[in-house]
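Scroll down for the structure; my scribbles are underneath it.
All ligand and atom numbering here is 1-based and tracks the order in the structure. For the numbers below, each heavy atom of this structure counts, side chains included, while hydrogens, waters and symmetry mates do not.
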Amino acid sequence: MSKELKPQSIVIAGGGSTFTPEIILMLLDNAETLPIRTLKLYDNDPERQKIVADAVEIILSERAPHIEYLATTDPKEAFTDIDFVMAHIRVGKYAMREQDEKIPLKYGVIGQETCGPGGIAYGMRSIGGVLELVDYMERYSPDAWMLNYSNPAAIVAEATRKLRPNSKILNICDMPIGLESRMAKVLGLESRKEMDVRYYGLNHFGWWTDIHDKNGNDLMPKLKEYISKHGFSLEGLGKDPKENDPSWMDTYRKAKDVYQLDPYTLPNTYLKYYFFPDEAAEHSDPNFTRANEVMAGREKRVFGECMRITEMKTAKDTKLEVGAHASYIVDLARAIAYNSHERMLLIVPNNGSIVNFDPTAMVEIPCIVGSNGPEPLTQGEIPRFQKGLMEQQVAVEKLVVEAWVEKSYQKLWQAFATSKIIPNAKVAKDILDNMIEANKDFWPELH
Ligand SMILES: NC(=O)c1ccc[n+]([C@@H]2O[C@H](COP(=O)([O-])OP(=O)(O)OC[C@H]3O[C@@H](n4cnc5c(N)ncnc54)[C@H](O)[C@@H]3O)[C@@H](O)[C@H]2O)c1
Ligand SMILES: O=P(O)(O)OC[C@H]1O[C@H](O[C@H]2[C@H](O)[C@@H](O)[C@@H](O)O[C@@H]2CO)[C@H](O)[C@@H](O)[C@@H]1O
Ligand SMILES: [Mn+2]
């Protein structure tokens, strides 16, 4: 990469996110290859953002005093003179995630952040929030790119495809990254970047079809052998880093059973909710779902550390960590800013990359990323098994976006009733009616 790298100006939209500190630390770790001139935080909740922003101010003053820093709730201040918007907002925050997860359980259906009825409810909240960020970006920094993590990425991606087709927005997910990091550990590799992967699907609904190392050795046989016994849990190697997150350990272990459905591929862990929805619901505690785990875990840990840094007026001994979550967004910013042609999984319009699938579907596939954006790599024909599953799921995602645009109760009911996670149209309607009430401050009014 050329020595003279143009320093970048970045705004993190959702500055009060529990992931903001780790993204800031990742950006500082990568300052050599992604120099930064300006860092801004933007949120629509000043109190929440302040907890993170005050700590970030101390971190930057100690480690990168040259970076111009601003935390604001003013869109014009936030989005002016920006090269990248790194977006990770949660419309309705954890309180609504808790509703997304608990309402379906009243009807014996799994409540999940991004899948099934929970994901649909979340999508109906996120669409407006993300489109607003895109419009701010285009109004105040028309040449900027949005790197969007805001979930549910599948529905947000379909909404931006349909409603902002010419916008410079890339939708990303770190689940494959996290699972590939686990694969690397199973294989005894230093990094997931030592693997070349072929993968296809929808967001949170995909499969690896081929994994080789840089010498062309096929890594799938060893991975299949491990995953057929342990899933993506690292307990087969000893301790698992997620051992304190019971719901995640359930998910990593369950990949063992999901894998049995198609031994030619390796599954994204989210597929468990579609193949074993009843078991997922039975394994849930209706009084303490993942939202509660996060509020008692990550949010308490990260915010507690931010407040400690602010109180001590130093971050020199911080316990804040840099996670897989952040590395990806930095790689993506670097690829766009400096035309690095990095090969990355992105959620992009299919446009024939999967030859026997809807060209307008937003699919998650490997792309070559440069300054003009992603260039998807063709994945050829997919088998009937995956094709059938994806057609049902993409119909759900498209119906949600159409329901949001048209404010259509009928289409939203169809989306719920089409989901593989919801058993029948009556339960679909009961959950929908309950969610309309719970989301009256966030969804458009349906007719
Ligand atoms: N794509 C992925 O693979 C991936 C991975 C991890 C997290 N995420 C997503 O990242 C987001 C943040 O996750 P988190 O757990 O840190 O959430 P969080 O609730 O801790 O933070 C989200 C922030 O967004 C703010 N916000 C909400 N609506 C907003 C709006 N309209 N405008 C501006 N700010 C707004 C909230 O006030 C909050 O501070 C979520 O959408 C989550 O699902 C995605
Ligand atoms: O239940 P949460 O809020 O902890 O996580 C939900 C998110 O899970 C995935 O992101 C994981 C990622 O897979 C893992 O490697 C690590 O980086 O943590 C992330 C957050 O836990 C998923 O991709 C996201 O879409 C979910 O929001
Ligand atoms: Mn994801």
Side-chain angles (χ1 to χ4, degrees), residues 11-23 26 41-53 71-75 78-79 85-98 100-101 112-115 118-119 122-123 125-133 136 147-157 170-182 192 202-206 232 241-242 244-248 251-252 268-270 289-295 297-303 306 321-329 345-347 364 442:
V11 60
I12 294 178
S17 159
T18 58
F19 293 106
T20 296
E22 71 176 73
I23 286 184
M26 176 57 80
L41 302 188
Y42 167 76
D43 204 296
N44 67 356
D45 178 338
E47 290 74 35
R48 185 181 179 87
Q49 176 164 266
K50 183 169 171 42
I51 298 169
V52 177
T72 181
T73 56
D74 177 321
F79 291 85
V85 179
M86 294 183 173
H88 55 193
I89 64 173
R90 185 184 293 278
V91 180
K93 292 197 277 261
Y94 289 134
M96 287 313 295
R97 175 177 180 174
E98 191 175 1
D100 296 344
E101 294 171 355
Q112 212 284 324
E113 180 199 32
T114 60
C115 303
Y122 189 11
R125 296 195 302 272
S126 295
I127 293 170
V130 173
L131 293 180
E132 183 184 65
L133 299 179
Y136 285 149
L147 313 181
N148 177 59
Y149 256 123
S150 312
N151 266 323
I155 291 170
V156 166
L170 295 177
N171 290 289
I172 42 183
C173 172
D174 65 5
M175 194 73 241
I177 305 307
L179 295 175
E180 287 170 14
S181 299
R182 288 175 168 261
R192 51 172 276 274
L202 307 170
N203 175 247
H204 290 186
F205 200 95
F232 282 97
K242 277 267 188 182
N244 300 325
D245 283 315
S247 62
W248 267 108
T251 293
Y252 288 129
N268 186 305
T269 43
Y270 275 98
T289 59
R290 179 62 191 162
N292 300 116
E293 274 183 3
V294 174
M295 286 185 267
R298 182 172 69 240
E299 184 181 61
K300 193 166 174 216
R301 185 177 65 248
V302 172
F303 279 28
C306 286
E321 292 163 2
V322 177
H325 177 85
S327 61
Y328 207 53
I329 207 164
L345 288 188
L346 289 175
I347 305 162
E364 195 162 16
F442 301 99

* Asked: For M175 and ligand 2, does the shortest N/O to N/O distance drop below 3.5 Å?
  ->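 Yes, there is a polar N/O contact under 3.5 Å.
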Are any of the N/O atoms in [X] less than 3.5 Å from those in ligand 1?
X	result
Y42	no
G14	no
D45	no
I172	yes

* To do: Within a distance under 4.0 Å of any heavy atom of F19, pick out the atoms of ligand 2 and give their elements.
  =>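 What qualifies from ligand 2 is 20 (C).
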* Can you sort out which atoms of ligand 2 are near C173, meaning under 4.0 Å from one of its heavy atoms? =>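 Near C173, the atoms of ligand 2 are 23 (O).
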Does [X] reach ligand 1, in the sense of a heavy atom lying below 4.0 Å from it?
X	result
S150	yes
R298	yes
Q49	no
E113	yes

Could you list which atoms of ligand 1 come closer than 4.0 Å to a heavy atom of [X]?
X	value
Y122	40 (C), 41 (O), 42 (C), 43 (O)
C173	1 (N), 2 (C), 3 (O)
K93	36 (C), 37 (O)

* More than 12 heavy atoms from other groups under 6.0 Å of NZ on K242 -> yes
For [atom], state which one of [options] supplies the nearest heavy atom.
atom	options	answer
atom 3 (O) of ligand 2	E22, R97, E101, E113	R97
atom 16 (O) of ligand 1	A13, A153, S17, P152	S17
atom 44 (C) of ligand 1	Y149, Y328, F303, Y94	Y149
atom 18 (P) of ligand 1	R48, H88, E299	R48
atom 22 (C) of ligand 2	Y270, Y122, Y328	Y270
atom 21 (O) of ligand 2	R290, K242, R90	K242

* To do: Take the angle between the ring planes of F79 and Y42 and call it parallel below 30°, perpendicular above 60°, tilted in between.
  =>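 Rings of F79 and Y42: perpendicular, over 60°.
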* Name the orientation class of the two ring planes belonging to H88 and F19 (parallel below 30°, tilted from 30 to 60°, perpendicular beyond 60°). =>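 Taking F19 first and then H88, their aromatic rings sit tilted (interplane angle of 30° to 60°).
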* Report yes if some heavy atom in the side chain of L346 is under 4.5 Å from a heavy atom in the side chain of N171; otherwise report no. =>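 Not in contact.
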* Return the set of residues passing ring pair (Phe, Tyr, Trp, His ring centres under 6.0 Å) with F232 (not counting sequence neighbours), or none when no residue passes. =>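 Residues passing ring pair (Phe, Tyr, Trp, His ring centres under 6.0 Å) with F232: none at all.
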* Would you please name every residue forming a ring pair (Phe, Tyr, Trp, His ring centres under 6.0 Å) with F205, sequence neighbours left out? => W207, Y274
* **For R97, salt bridge (Lys or Arg N to Asp or Glu O under 4.0 Å) partners two or more places apart** =>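 Listed in chain order: E101, E113.
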Check ion pair [X]-[Y] (N to O, under 4.0 angstrom):
X	Y	answer
R125	D100	yes
R48	E299	yes
R290	E293	yes

Backbone N/O of [Y] and side chain of [X]: donor-acceptor pair under 3.5 Å:
X	Y	value
Y149	D174	no
D43	D45	yes
Q49	T72	yes
T269	Y252	no

* N151, portion touching ligand 2 at heavy-atom distance under 4.0 Å ->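 Side chain only.
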* Asked: With a 4.0 Å cut-off on heavy atoms, is Y149 touching ligand 2?
  ->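 In this structure, Y149 fails to qualify as a contact of ligand 2 - no heavy atom is under 4.0 Å.
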* For ligand 2, is there an atom lying under 4.0 Å from some heavy atom of H204? -> yes
* Test side chain to side chain contact (heavy atoms under 4.5 Å, CB included) on N148 and V156 and set out the steps. => CA-CA 9 Å; N148 177 59; V156 166; 3.4 Å; yes
* Go through the steps for R192 and S181 under the test side chain to side chain donor-acceptor pair (under 3.5 Å), then give the verdict. => CA-CA 5 Å; R192 51 172 276 274; S181 299; 4.9 Å; no
* Structure fact -> Excluding water, the protein N, O or S atoms sitting under 2.8 Å from the Mn ion (ligand 3) are C173 SG, H204 NE2
* Asked: Which atom names give the shortest non-hydrogen contact between T20 and G15, and what distance separates them?
  ->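 The pair with the smallest heavy-atom distance is OG1-O, 3.0 Å.
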